[in-house]
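Notes to accompany the following structure.
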Amino acid sequence: MRVGIIGTGYVGLPTGLGLAELGHNVICADKNESKVNMLNQGKITLYEKDSQKLLLKNIKSKRIRFTSSIEECIKKSDVIIIAVGTPIVDADINMSDMRDIFDVIKKTALCLNKYKLIAVKSTVAVGTCDKAESLIKKLNHKADFDIVSLPEFLREGFAVADFFNPDRIIAGVGSSKAKKIITKLYKPLLNKTKILFVNRQSSELIKYAANSFLAVKVAFINEIANFCEKTNADINEVSRGIGSDSRIGGKFLNPGPGYGGSCFPKDTKSLAAMANTFSLDMPLIKTVIRENAGRKKQISMRILESVKNIKNPKIAVLGLAFKAGTDDCRESPAIDIIDELLKHNVSISAYDPQAANTCRKILGDKIQYADTLYDAFKNADIAVILTEWEQFKKMDLKKISKLMKHKNILDCRNILDLKKVKKHDFKYECIGGKK
Ligand SMILES: NC(=O)c1ccc[n+]([C@@H]2O[C@H](COP(=O)([O-])OP(=O)(O)OC[C@H]3O[C@@H](n4cnc5c(N)ncnc54)[C@H](O)[C@@H]3O)[C@@H](O)[C@H]2O)c1
């Protein structure tokens, strides 16, 4: 099939690469010309495992190419997948911004030269596909099309793997023709996954509900970790204990510095804000949002408490990305924690194996970016682990013990081995665990 993808970010690019690998002819459009140029040269624009390899392979076999002409992308495709961003731009309203979606919808309406299926992959307010359908009909009376909701559930850091092995594909469709096209699009994957066809508004809501539920799990386990810290219970054992109940499931039960990223914070806030437009309160979701903001503050206070007797303390921050496996720093807990710490006369030396450049776009030169993991520890009074990178699990503690001024580690991801840390005489704290 000829597939057009509009938006080549963390969702659009892996989707385009995956569909090309499945054998479709893919043309990706993005308004960011420098991104388009880089991608056409085979240079990957974000860190995502296996994406570089897939890009080169599919450019070579001419199954994928990139353009800054959205019109060209629409005209030359049978299926158009919209994957542009829907960030929150106004913190007072907290609704996701649909302007890029409707910008693309308007352009699509004017370029519909024959029947096309338009699939909205971006996370959009419930009712967006219905509104888009009316708008297209109003702008182009002759338009022959179906519009479907096709939300994305990939995990950043595993986007390529998740494309080929989705737990399920959700498709909000209104016609049997659209159903057939979506089935054909994903046919090569249907021996290992299923498509759940639902109505469009259900599909749009499933995306918000799924992310909000996972956010609840994260907030819940952090609350239980706080309880562990007041008792002799160990959160790692408690998580294992409750997670092995199949009704609960073990994922998203790792305590930490709070959830972040471009999705959970935005989608929980948007869900509560959407409910508000129907005069509906969502007290559970609102509590989770508030607790998650408080969590980052709690961690900052805990770090400051550890260095309160040191003048101008130096803090080594390990990890800037919101999770391991990505260079994405959007709403990363590390960013909020660093912002809070910087209000208190500290200096920060940070290291992240992939996210230093994306972080620099947010924090600029307010902190030092260490070139190597070990550079970050030099003369530090405390080291704080904020992202669960594999590299940090294997670091040479003996070497670190010689580099730090005070041998003090706060492990906010519970990734270090307590015995090894104790062997080198560190003062060590983790979240809700043994000290
Ligand atoms: N990042 C994730 O893990 C994830 C997972 C599931 C769903 N989502 C949802 O998918 C959507 C995209 O997220 P993302 O993280 O890929 O965003 P992103 O910011 O990484 O990428 C969006 C891309 O769209 C391009 N763009 C914006 N407006 C455009 C326009 N009018 N025409 C052409 N290109 C345009 C931007 O230049 C950018 O390259 C959002 O709605 C998000 O909530 C994201």
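Just so you know, ligand 1 is whichever comes first in the structure, and atom 1 is the first atom listed for that ligand.
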Does a side chain donor of either Asn199 or Ser202 reach within less than 3.5 Å of an acceptor in the other side chain? yes
Measuring from the heavy atoms of Lys266, does anything fall under 4.0 Å of ligand 1? yes
What part of Ser96, side chain, backbone, both or neither, has a heavy atom within less than 4.0 angstrom of ligand 1? neither
Is there a heavy atom of Arg330 sitting under 4.0 angstrom from any atom of ligand 1? yes
Any N/O of Lys121 closer than 3.5 Å to an N/O of ligand 1? no
For atom 23 (C) of ligand 1, what's the nearest protein heavy atom and its distance? Asp30 OD2, 3.7 Å
Heavy-atom contacts with Ile6 under 4.0 Å: which atoms of ligand 1 show up? List them by number with element. 33 (C)
Pairs of nitrogen or oxygen atoms closer than 3.5 Å, one from Lys31 and one from ligand 1: do any exist? yes
Look at atom 14 (P) of ligand 1 and say which protein heavy atom is nearest, naming residue and atom and giving the distance to 0.1 Å. Tyr10 N, 3.9 Å
For Lys192, does the NZ atom have more than 12 heavy-atom neighbours from other residues, nucleotides or ligands under 6.0 Å away? yes
Numbering the atoms of ligand 1 from 1, which are under 4.0 Å from a heavy atom of Ser122? 10 (O), 11 (C), 41 (O)
Lys177 NZ/CZ over Tyr115 ring centroid, <6.0 Å and within 45° of normal: yes
As an exercise, identify every atom of ligand 1 less than 4.0 angstrom from a heavy atom of Gly9. 16 (O), 18 (P), 20 (O), 21 (O), 23 (C), 39 (O)
Looking just at side-chain N and O atoms, do Asp411 and Tyr428 make a donor-acceptor pair shorter than 3.5 Å? yes
Answer yes or no: does atom CZ of Phe213 have more than 12 heavy-atom neighbours from other residues, nucleotides or ligands under 6.0 Å? no
So which heavy atom in the protein is nearest atom 26 (N) of ligand 1, and how far is it from that ligand atom? Val84 CG1, 3.7 Å
Show me which atoms of ligand 1 lie under 4.0 Å from any heavy atom of Thr86. 40 (C), 41 (O), 43 (O)
Heavy atoms only: which of Lys107, Glu152, Arg99, Met98 lies closest to atom 6 (C) of ligand 1? Glu152
Number the atoms of ligand 1 from 1 as they appear, then name those within less than 4.0 Å of a heavy atom of Leu154, with their elements. 3 (O)
Can you name the atoms of ligand 1, numbered from 1 with element, that are less than 4.0 Å from a heavy atom of Gly7? 23 (C), 24 (O), 25 (C)
Heavy-atom contacts under 4.0 Å between Leu46 and ligand 1: side chain, backbone, both, or neither? neither
Is there side-chain contact between Val148 and Val120, with at least one heavy-atom pair below 4.5 Å? no
Please indicate whether Lys217 has more than 12 foreign heavy atoms, meaning atoms of other residues, nucleotides or ligands, lying under 6.0 Å from its NZ. yes
Nearest non-hydrogen protein atom to atom 31 (N) of ligand 1, with distance, is Asp103 OD2, 2.9 Å
shortest atom 9 (C) of ligand 1-to-protein heavy-atom contact is with Thr123 OG1, 3.4 Å
Do the rings of Phe252 and Phe264 sit parallel, tilted or perpendicular, given the 30° and 60° boundaries? tilted
Pi-cation contact, Phe392 with Arg413 (under 6.0 Å, within 45°): no
For ligand 1, find out whether one of its N or O atoms is nearer than 3.5 Å to an N or O atom of Asp267. no
For the NZ atom on Lys286, are there more than 12 heavy atoms of other groups (residues, nucleotides or ligands in this structure) within a distance under 6.0 Å? yes
Output the distance between atom CG (Leu189) and atom CG (Asn165), rounded to the nearest 0.5 Å. 8.0 Å
Could you tell me whether Arg330 sits above the aromatic face of Phe322, with NZ or CZ closer than 6.0 angstrom to the six-membered ring centre and within 45 degrees of the axis? no
Polar-atom distance check: Lys35 versus ligand 1, any N or O pair below 3.5 Å? yes
So which protein heavy atom does atom 22 (C) of ligand 1 come closest to, and at what separation? Gly85 N, 3.6 Å
Which ligand 1 atoms are under 4.0 Å away from a heavy-atom of Ser262? 1 (N)
With Glu331, which residues qualify under salt bridge (Lys or Arg N to Asp or Glu O under 4.0 Å), at least two apart? none
May I ask you to list the atoms of ligand 1 that are less than 4.0 angstrom from any heavy atom of Ile70? 32 (N), 33 (C)
CD1 of Ile101 to OG1 of Thr108, rounded to nearest 0.5 Å, is 10.0 Å
Please write down residue, atom name and distance for the protein heavy atom closest to atom 3 (O) of ligand 1. Glu156 OE2, 3.1 Å
With a 4.0 Å heavy-atom cut-off (strictly under), which part of Val124 contacts ligand 1: side chain, backbone, both or neither? neither
Specify side chain, backbone, both or neither for Asp328, according to which of its non-hydrogen atoms lie closer than 4.0 Å to ligand 1. neither
Once you round to the nearest 0.5 Å, how far does CD1 of Ile59 lie from CG of Leu54? 11.0 Å
Sub-4.5 Å side-chain heavy-atom contact between Thr268 and Leu271: no
Looking only at protein heavy atoms, which one is nearest to atom 44 (C) of ligand 1, and how far off is it? Val11 CG2, 3.2 Å
